[in-house]
Amino acid sequence: MSMLNKKTVEDINVKGRKVLVRCDFNVPLENGKITDENRLVGALPTIKYLVENDAKIILCSHLGKPKGEAKKELSLEPVAKRLSELLNIDVKFAADDNVVGENAKNAVSTMENGQIVLIENTRFRKEETKNEENYSKELASLADVFVNDAFGTAHRAHCSTVGVTNFVEESACGYLIQKELKFLGDAVENPKRPFVSILGGAKVSDKINVINNLLEKVDTLVIGGGMAYTFLKAQGYSIGKSLVEEDKVEYAKEMIEKAKAKSVDLLLPIDNVVAAEFSKDAAPIKTDDQNIEDAYMGLDIGQKTAKLYADAVKSAKTVVWNGPMGVFEFENFANGTVEVAKALAESDATTIIGGGDSAAAVNILGFGDKMTHISTGGGASLEFLEGKELPGIVALNNK
Ligand code: AMP
């Protein structure tokens, strides 16, 4: 895979050079307060390395969706403040509606080695998400070297992730991307077997390519969540009012056949927890088997299924999990997701959690530190599992 041979921050000379670092500072904010700082913490190792090695560090990131306009509530200023505290070094914020305007240029031109400047939200400029050359050049003009450490946006070809690499002297990945590539890359390309992958979440259509690609790699594929009902329908069971994608039933049949042809154990729910309506107050009812009566919808895997899935995890040496097993946001329908998370937490296998909802679930349940790796990128890790090359990584210099 051409993504696995990229220069890292340690492969380039950074002393005295201006290094533009694309971070993922896309943190949740409530009234200007950062409510989850995991992404800031994730960026620290690369920043610290650059400080210790006398670089002039220019940080950039997007935050939310300002849609190409300067929006005060999406300014990165609170991030600069919190980063200063976390690093115990002053992170100067270059307030600038044009991102690379006079303020940013001035702040950068007077930098000394080991100093840090954070520029404004890269998406304040409409060119960013279109990867337009003029803005890529502007960003590059601030620096000599570019380091990408934003795994969460590595699947997007934007000015600050891809375009900029064309106009700097050198580019490399930071420690966070390096870590993601190591864990996700090893799991998918060189897994210790048995290799079990667990997929859940709402829709089959979001995970079509993941299912197809993983069937080439895994020993066991476990499917839960809303997407399981399209598969149960494909097997001829009645699924009541459950979430279903009628136009994906044929595809589900093909995947069931593919699993057989590849001798992959495809595990689907053998019982369910159902309710008459989609509500947190709905009474949970257990079914005896796969079938669901017309007036009900499946909102979680049943107990027998949870045990089946947990047993698959117990016998695995590598587990990759993406997507909840049910509507885990509702307490009555969280059990399947909790049981699977527990099985991973108790396992000695290499356990990798794709970003997004499964990462959130694992952290909320307090199992975060029991996992080998929790990816910081939901969309990016899914595309990785699809076998796609991520443009923000491909664009970096090879070793
Ligand atoms: P995704 O973003 O595709 O990973 O889907 C996550 C969402 O799927 C969560 O918000 C879950 O509540 C939802 N979900 C999981 N299982 C079901 C289900 N059986 N019916 C409806 N929604 C579900």
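Quick note: numbers below take in every heavy atom, side chains included, and nothing from hydrogens, waters or symmetry partners.
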> Taking atom OG1 of Thr318 and atom CZ of Arg193, what is their separation to the nearest 0.5 Å?
Replying inline: 8.0 Å
>> Evaluate Asp11 against Lys399 for salt bridge (Lys or Arg N to Asp or Glu O under 4.0 Å), listing each step before the verdict.
In response: CA-CA 8 Å; Asp11 295 318; Lys399 280 201 186 189; 3.8 Å; yes
> Of the non-hydrogen atoms in Pro269 and Ile301, which two are nearest, and what is the gap between them?
Replying inline: CG-CG2, 4.2 Å
> Crowded around Lys241 NZ? As in, over 12 foreign heavy atoms under 6.0 Å?
Replying inline: yes
> Do you know which two heavy atoms are closest between Ser347 and Ala349, and how far apart they sit?
Replying inline: OG-N, 2.8 Å
>> Which heavy atom of Val196 sits nearest to which heavy atom of Ala312, and what is that distance?
In response: CG2-O, 3.7 Å
>> Between Gln115 and Glu112 (side chain of the first, backbone of the second, donor and acceptor by atom type, cut-off under 3.5 Å), is there such a pair?
In response: yes
> Under 6.0 Å from the NZ atom of Lys71, do we count more than 12 heavy atoms belonging to anything else shown?
Replying inline: yes
> What are the two closest non-hydrogen atoms of Tyr135 and Thr122, and how far apart are they?
Replying inline: OH-O, 3.0 Å
>> Tell me the closest heavy-atom pair linking Gly392 and Asn148, and the distance in Å.
In response: O-ND2, 3.2 Å
>> Quick one about Glu293 and Ser238 (side-chain donor to acceptor, distance below 3.5 Å, no hydrogens or angles considered), yes or no?
In response: no
>> Tell me if the aromatic rings of Tyr175 and Tyr49 count as close, with their centers under 6.0 Å from one another.
In response: yes
>> Would you say that more than 12 heavy atoms from the other residues, nucleotides or ligands in this model lie under 6.0 Å from the CZ of Phe183, or not?
In response: yes
> Is Val145 reachable from Ile57 through a run of I, L, V, M, F, W or Y residues, each pair having side-chain heavy atoms under 4.5 Å apart?
Replying inline: yes
> Are Tyr237 and Tyr229 near enough that their ring centres are under 6.0 Å apart?
Replying inline: no
> Any side-chain heavy atom of Leu299 sitting closer than 4.5 Å to one from Val274?
Replying inline: no
> Would you call Asn190 and Phe195 a side-chain contact if the rule is heavy atoms closer than 4.5 Å?
Replying inline: no
>> Apply side chain to side chain donor-acceptor pair (under 3.5 Å) to residues Thr230 and Glu245 and explain how you reach the verdict.
In response: CA-CA 6 Å; Thr230 301; Glu245 287 164 278; 4.5 Å; no
> Please walk me through it: do Arg125 and Glu138 pass salt bridge (Lys or Arg N to Asp or Glu O under 4.0 Å)?
Replying inline: CA-CA 11 Å; Arg125 292 276 297 269; Glu138 285 179 45; 2.9 Å; yes
> Quick one: do Val273 and Val244 end up in the same hydrophobic cluster if we chain Ile, Leu, Val, Met, Phe, Trp and Tyr together by side-chain heavy atoms under 4.5 Å apart?
Replying inline: no
> Can a donor-acceptor pair be found between the side chains of Lys6 and Asn398 at a distance below 3.5 Å?
Replying inline: yes
>> Under a 3.5 Å threshold, yes or no: a donor from one side chain and an acceptor from the other, between Glu180 and Ser381?
In response: no
>> Do Phe124 and Phe25 land in one hydrophobic cluster if side-chain heavy atoms of ILVMFWY residues count as linked below 4.5 Å?
In response: yes
> Quick one: do Glu30 and Lys33 make a salt bridge, cutoff under 4.0 Å?
Replying inline: no
> Considering residues, nucleotides and ligands other than Lys307, do more than 12 of their heavy atoms fall under 6.0 Å from its NZ?
Replying inline: no
> Once you round to the nearest 0.5 Å, how far does NZ of Lys18 lie from OG of Ser141?
Replying inline: 9.5 Å
> Under the salt bridge (Lys or Arg N to Asp or Glu O under 4.0 Å) criterion, do Lys137 and Glu133 qualify, and how do the steps go?
Replying inline: CA-CA 6 Å; Lys137 278 184 178 161; Glu133 195 173 294; 3.2 Å; yes
>> I want to check something: taking the side chain as every heavy atom from C-beta on, are Leu118 and Lys92 in contact at a cut-off of under 4.5 Å?
In response: no
>> Taking atom CG as the centre, does Asp369 end up with more than 12 heavy-atom neighbours from other residues, nucleotides or ligands that are less than 6.0 angstrom away?
In response: yes
> Can you tell me if Asp300 uses its side chain to pair, donor with acceptor, with the backbone of Asn335 under 3.5 Å?
Replying inline: yes
> Can you name the closest pair of heavy atoms from Ala94 and Ala107 and give their distance?
Replying inline: CB-CB, 4.1 Å
> Just one of Leu83, Asp149, Thr46, Val117 clears the side-chain contact (heavy atoms from CB on, under 4.5 Å) bar with Leu59, so which one?
Replying inline: Leu83
> Would you say Ser61's side chain and Cys23's backbone share a donor-acceptor pair under 3.5 angstrom?
Replying inline: yes
>> Check this for me, if you would: do Lys207 and Glu386 make a salt bridge, where the nitrogen-to-carboxylate-oxygen distance has to be below 4.0 angstrom?
In response: no
> With a cut-off of 6.0 Å (strictly less than), are more than 12 heavy atoms of other residues, nucleotides or ligands near NZ of Lys317?
Replying inline: no
>> Lys258 vs Glu216, test: salt bridge (Lys or Arg N to Asp or Glu O under 4.0 Å). Steps then yes/no.
In response: CA-CA 9 Å; Lys258 180 168 175 173; Glu216 309 277 343; 2.6 Å; yes
> Do Glu127 and Asn134 have side-chain atoms, one donor and one acceptor, less than 3.5 Å apart?
Replying inline: yes
> Going from NZ on Lys105 to CG on Asn98, what distance comes out if it is rounded to the nearest 0.5 angstrom?
Replying inline: 9.0 Å
> Is there side-chain contact between Ile198 and Met325, with at least one heavy-atom pair below 4.5 Å?
Replying inline: yes
> Is Ile177 linked to Leu20 within one hydrophobic cluster, defined over Ile, Leu, Val, Met, Phe, Trp and Tyr using a side-chain heavy-atom separation of less than 4.5 Å?
Replying inline: no
> Among side-chain atoms of Thr372 and Thr350, is any donor-acceptor pair under 3.5 angstrom?
Replying inline: no
> With no hydrogens and no angle check, is any side-chain donor or acceptor of Tyr251 less than 3.5 Å from a backbone partner on Ile208?
Replying inline: yes
>> Pairing donors with acceptors under 3.5 angstrom, does anything connect the side chains of His158 and Arg22?
In response: no
> Are Val147 and Leu44 connected in the hydrophobic side-chain network, where two residues link if heavy atoms are under 4.5 Å apart?
Replying inline: yes
> Is there a ring-ring contact (aromatic ring centres under 6.0 Å, His included) between Phe330 and Phe278 once you walk through the steps?
Replying inline: CA-CA 10 Å; Phe330 300 164; Phe278 187 89; 5.2 Å; yes
>> Nearest 0.5 Å, please: how far is CG in Leu199 from CG in Leu385?
In response: 7.5 Å
> Just one of Val91, Leu87, Leu40 clears the side-chain contact (heavy atoms from CB on, under 4.5 Å) bar with Arg82, so which one?
Replying inline: Leu40
> Just by distance, with hydrogens left out, do Arg156 and Thr161 show a side-chain donor and acceptor under 3.5 Å apart?
Replying inline: no
>> Can you tell me if Glu331 has over 12 outside heavy atoms packed within less than 6.0 Å of its CD?
In response: no
>> As a quick check of understanding, evaluate side chain to side chain contact (heavy atoms under 4.5 Å, CB included) for Leu267 and Leu221, giving each step before the final call.
In response: CA-CA 6 Å; Leu267 301 184; Leu221 184 63; over 6 Å; no
